[in-house]
Amino acid sequence: MSVDSYDVTVVENLGEMELVKIEKNKYWVQDDWYCKYITVKTPSGDYVEYPCFRWLVDNKEVVLRDGRARLPKDDKTRLEKQHRRKELESRQKTYRWSEWQPGFPMSIDANTHKELPRDIQFDSEKGVDFVLNYSKAIENLCVNQFMHMFQSSWNDFADFERIFVRIKNTISEYVMQHWKEDFMFGYQYLNGCNPVMIQKCTKLPEKFPVTHNMVADCLEREMTLEEEIKAGNIYLADYELMEDISPNSTDPCTLQYLAAPICLLYNNSQSKILPLAIQLGQTPGKDNPIFLPSDGQYDWMLAKIWVRSSDFHIHQTVTHLLRTHLVSEVFGVAMFRQLPAIHPAYKLLLPHIRFTIAINTKAREQLICEFGIFDKANGTGGGGHVEMIQKAMRSLTFRSLCFPDAIKARGVDSPEDLPYYYYRDDGNRVWDATKSFVWDVVCIYYDSDDTVQKDEEIQAFVKDVCSFGMQDLDCCEFPKSLKTREDLTEYLTVIIFTASAHHAAVNFGQYDWCSWIPNAPPTMRKPPPTQKGVVDVKFIIESLPDRGRSCWHLGAVWALSQFQENELFLGMYPDEHFIEKPVKEAMESFRKRLAEVSSAIKIRNEGKKLPYYYFSPDRIPNSVAV
């Protein structure tokens with residue numbers, strides 16, 4: 001891992017340089033060489049940059065163009081056009097599509113990390129070994145004495161604190177102290193780990209027959225439930241996707257259970273979100289009661305725990321895995337297949353695809369595969385997580401990846417209605433800053449909408465994403481072409497925002513919100529209650545994960561919440577793929593705007609017991625890499 005720079009003097013007059021070719025001969029078993037760039041000083045004293053940022057392996061050669069970004073129309077000579085074509089032909093042989101599971105987004109054709117092209121592998125595979133990292137986390141958290149104690153229940157809620165002593169932080173400790181309270185349950189719909197489930201209720205669904213009399217004692221405005229709905233004060237969280245998902249059956253000694261609850265939420269006069277009613281199944285009936293805050297203490301507590309468990313499953317598999325990891329890989333593979341290194345969109349996107357394909361390949365190899373780590377502690381392990389993604393693909397549309405559109409579609413876009421929805425407010429700020437930056441870059445290279453339409457490479461990229469990456473599913477509504485500069489700007493913004501900001505928002509809070517097991521149970525060991533008045537503390541403890549599963553869960557949320565070593569955060573572009581001054585100025589403007597957002601978030605969080613910082617740009621890695 002040593003770094004050297006070399007000076008090579010050429011006495012011949014080479015004329016006007018079009019290409020630089022680097023050849024490497026193989027001498028040793030491990031002699032891969034990473035070349036950052038080549039700088040050529042011409043006889044007239046000018047300096048020309050040839051960015052590389054690639055590995056030279058075996059006896060292969062790399063042919064470079066100078067660092068100026070060019071669209072296909074900018075290449076005039078036969079040699080330039082030939083180089084562009086050959087690069088893509090070679091990449092399309094190397095980066096091939098593969099379907100890991102039926103109905104999934106397509107992924108790269110590689111079964112293991114070692115099979116990946118060297119340019120997209122991690123520098124050290126050891127650093128992303130899930131088994132090693134989770135085991136280390138369990139050891140660091142001092143809970144390794146419990147990690148093999150499957151089927152062994154905790155004694156009571158206080159017993160969970162035995163695995164919590166060494167790992168407290170501001171938020172996780174607050175969660176531990178207040179998880180039983182309704183305000184904490186409701187707050188997580190706005191600013192917790194999975195703040196994407198809450199939606200405005202304009203009409204009660206027939207499958208959820210809540211009446212005014214059931215909830216009258218909880219309403220504060222002297223209005224009926226119907227009037228509260230019309231006033232916009234009632235919200236829903238529906239976990240319909242969980243219905244009929246197969247629970248984990250990989251351990252014959254432990255039966256595990258899932259539920260598909262519906263939760264009615266109330267925006268009270270202090271603008272706090274509170275639960276009004278919970279039904280633990282999708283079909284109303286005598287054996288599927290509607291639980292209420294007025295019910296017995298343990299009935300209501302267990303109903304909320306079941307919702308939190310279902311929320312955890314949706315978060316892990318849909319919000320996090322599908323809608324950030326797998327989607328970002330689709331964009332990444334299509335980028336390598338359709339955009340040459342000198343295309344401005346390639347240069348713009350590459351930092352936001354860094355290590356994404358590698359981390360996903362490692363996950364398929366160790367984490368979410370058959371008999372993988374996911375099976376150890378998660379109630380959807382053993383295949384349920386696969387079924388969830390297959391179902392969730394039906395609602396994965398391009399529009400749902402556009403942050404402002406997704407917020408509006410759920411009816412939660414009004415700051416007046418929900419003044420403490422920091423996920424929405426901070427996300428909009430980062431989205432706007434990113435979109436402004438992308439627009440600046442797009443306008444440097446595309447002088448008109450016609451230029452976008454005639455860029456056959458960007459059109460091929462967009463088509464590859466839809467037709468192959470998303471398997472041309474009718475429901476996905478991904479565009480197959482782009483017509484305007486605004487279309488291109490939005491498309492590129494979606495890619496960057498999904499891989500950086502949105503992944504950060506739904507990933508790095510996992511330890512904060514999920515480390516206190518009763519607040520986010522990864523599995524449940526008793527079925528949902530079918531009647532009221534039969535639940536006590538013992539029943540709840542026996543429903544929650546055993547000691548072994550608790551420890552594997554804890555190791556997972558700890559490991560997933562850590563930044564990478566030498567992390568690159570949003571706006572940091574140390575590898576100079578762009579050499580043009582206007583782009584560098586756009587980058588500097590982007591960094592300034594992001595710094596303003598970080599500063600505003602820091603000021604708002606001062607003195608808060610529950611600070612919200614997951615969208616703070618100084619905590620947003622450039623790409624999905626963990």
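Using a cutoff of 4.0 Å between basic side-chain nitrogens and carboxylate oxygens, R591 and E588 are scored as salt-bridged. Taking a cutoff of 4.0 Å between a charged side-chain nitrogen and a carboxylate oxygen, K602 and D618 do not qualify as a salt bridge. Here K81 does not pair with D75 in a salt bridge; the nearest charged N to carboxylate O distance is not below 4.0 Å. With salt bridges taken as basic N to acidic carboxylate O contacts below 4.0 Å, one links K21 and E23.
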* Evaluation steps, ring pair (Phe, Tyr, Trp, His ring centres under 6.0 Å), between F398 and Y491 -> CA-CA 9 Å; F398 179 76; Y491 197 91; 5.3 Å; yes
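Counting non-hydrogen atoms of other residues, nucleotides and ligands closer than 6.0 Å to OH of Y34 gives a total above 12.
Here E87 contributes atom CD and L339 contributes atom CG; the two are 10.0 Å apart, rounded to the nearest 0.5 Å. One finds the CG atom of D66 at 11.5 Å from the OG1 atom of T39 (value rounded to the nearest 0.5 Å). In this structure, CD1 on I120 lies 10.5 Å from CD1 on I353, to the nearest 0.5 angstrom.
With a 4.5 Å cut-off on side-chain heavy atoms, T317 and F374 count as touching.
Shown here are the side chain to side chain donor-acceptor pair (under 3.5 Å) partners of E329, two or more places apart in sequence or in another chain: N360, R364.
Of the listed residues (F497, Y573, F331), just one forms a ring pair (Phe, Tyr, Trp, His ring centres under 6.0 Å) with H352, and that residue is Y573.
By the 30° and 60° cut-offs, the orientation of the rings of F312 relative to H315 is tilted.
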